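Numbers here are sequence positions counted from 1. Everything numeric here is computed off the predicted structure, so don't read it as measured data.
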Amino acid sequence: EHTVNVTALTLQYCFFYDLPESETQKLSLAAMLHDVGCAKIEKKLIESQKKLSDKQFATYTTHPGLGHETIRVNANFDIAISKVAMEHHERIDGSGYPQGLRGISAYAQLIGLIDCYEHMTYRSKRFRKKKKPYETLSIIKDELSQKKFSKDIFKRFTACLVR
């Protein structure tokens with residue numbers, strides 16, 4: 001469900017801004033495959049309702065690399081799609097994972113922000129309740145000052161939500 005929601009929000013963004021069909025196709029495919037690496041991690045870890053231990057979280061943080069490799073080896077897609085799988089948990093201040101990159105592709109920045117938004121608004125876990133959309137946007141907005149997300153991408157994303 002999470003991946004479908006991220007893809008739907010990505011398509012909403014693309015349609016709102018009337019992006020060219022080729023770019024819309026790439027972005028929607030990247031959104032659909034952004035978490036494909038999770039398929040290579042134990043299901044109970046991915047679906048855990050408890051906060052992950054440090055060891056479990058370290059295992060979880062391998063999913064971007066696993067996804068990147070899966071797409072690169074098994075499909076003949078544009079490199080931008082596998083980069084989104086690798087970079088969607090990176091943050092522009094270098095605080096993300098798995099590599100702590102600062103130079104993140106624009107597609108990965110957008111889908112990373114949408115992934116974060118969807119994750120906080122869609123499903124509660126035992127250690128965290130889901131948040132209302134406005135509350136989630138407020139949290140993400142606070143992270144703009146820390147340079148975790150692009151202010152421009154945030155503004156563009158929020159505009160497409162209030163259609």
- prompt: How far apart are the C-alpha atoms of Met86 and Leu101, what are their side-chain angles, what is the distance that settles it, and do they pass the side-chain contact (heavy atoms from CB on, under 4.5 Å) test?
  reply: CA-CA 10 Å; Met86 177 60 99; Leu101 298 176; 5.5 Å; no
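Residues Glu87 and Glu90 form a side-chain contact, since some pair of their non-hydrogen atoms from C-beta on lies under 4.5 Å apart. The shortest side-chain heavy-atom distance between Tyr13 and Leu19 falls under the 4.5 Å cut-off. For the pair His89/His63, a side-chain contact is recorded, criterion being any heavy-atom separation below 4.5 Å from C-beta on. Between Phe15 and Cys160, the closest side-chain pair of non-hydrogen atoms is not below 4.5 Å. Within the 4.5 Å cutoff, side-chain heavy atoms of Cys116 are placed close to those of Arg91. Inter-residue side-chain proximity for Lys131 and Ile139 is flagged as met; some heavy-atom pair is nearer than 4.5 Å.
Residues Phe157 and Phe16 keep their aromatic ring centres 6.0 Å or farther apart. Under the 6.0 Å cut-off for aromatic ring centres, His2 and His34 qualify, their centroids lying closer than that.
In the hydrophobic clustering of this structure, Leu33 does not group with Tyr107; members are Ile, Leu, Val, Met, Phe, Trp, Tyr whose side-chain heavy atoms approach within less than 4.5 Å, directly or through other members. In this structure, Ile153 is not a member of the same hydrophobic cluster as Ile92, with clusters built from ILVMFWY side-chain heavy atoms closer than 4.5 Å. Residues Leu144 and Ile114 share a hydrophobic cluster, clusters being chains of Ile/Leu/Val/Met/Phe/Trp/Tyr side chains in contact below 4.5 Å. In the hydrophobic cluster analysis, where Ile, Leu, Val, Met, Phe, Trp and Tyr join through side-chain heavy atoms closer than 4.5 angstrom, Phe149 is grouped together with Leu137. Residues Val84 and Tyr117 are members of one and the same hydrophobic cluster, defined by side-chain heavy-atom contacts under 4.5 angstrom among Ile, Leu, Val, Met, Phe, Trp and Tyr.
Looking at every heavy atom in both residues, Ser105 comes nearest to Lys83 through CB-CE, 4.4 Å. Considering all non-hydrogen atoms of both residues, Ser28 and Leu11 come closest at CB-CD2, 3.7 Å. The shortest non-hydrogen separation linking Ile81 to Ile71 is O-CD1, 4.2 Å. Across all non-hydrogen atoms, the minimal contact from Ala31 to Thr7 is C-OG1, 3.5 Å. Closest non-hydrogen pair, Gly67 versus Ala85, comes out as C-CB, 3.9 Å.
Look at Glu69 and Arg72 and you find a salt bridge, because one of the NZ, NE, NH1 or NH2 atoms lies within 4.0 Å of a carboxylate O, short of that distance.
Here Asp115 contributes atom CG and Asp35 contributes atom CG; the two are 5.5 Å apart, rounded to the nearest 0.5 Å. Here CG of Leu161 is found 6.5 Å from CG of Leu9. Values are rounded to the nearest 0.5 Å. Atom CD of residue Gln109 and atom CG of residue Asp152 lie 9.5 Å apart, to the nearest 0.5 angstrom. A distance of 10.0 Å separates NZ of Lys44 from NZ of Lys50, quoted to the nearest 0.5 Å. Atoms CD1 and CD, from Ile104 and Gln99 in turn, are 10.5 Å apart once rounded to the nearest 0.5 Å. Atoms CD and CG, from Glu23 and Asp78 in turn, are 10.5 Å apart once rounded to the nearest 0.5 Å.
The aromatic rings of Tyr97 and Phe57 stand perpendicular to each other, their planes meeting at an angle above 60°, with 30° marking the opposite boundary.
The number of heavy atoms from other shown groups lying within 6.0 Å of CG (Asp142) is above 12.
Here the rule is side-chain hydrogen bond (donor to acceptor under 3.5 Å, both in side chains) with Glu118, and of Asn5, Thr10, Thr3 only Asn5 fits it.
Checked by atom type and distance alone, the side chain of Thr59 pairs as donor or acceptor with a backbone atom of Lys55 at under 3.5 Å.
In this model, no donor atom of one side chain and acceptor atom of the other lie less than 3.5 Å apart for Gln56 and Ser48. A donor-acceptor contact closer than 3.5 angstrom links the side chains of Asp93 and Ser95. No donor-acceptor contact under 3.5 angstrom links the side chains of Tyr17 and Arg156, judged on distance only. Checked by atom type, the side-chain pair Lys132/Thr121 shows no donor-acceptor distance below 3.5 Å.
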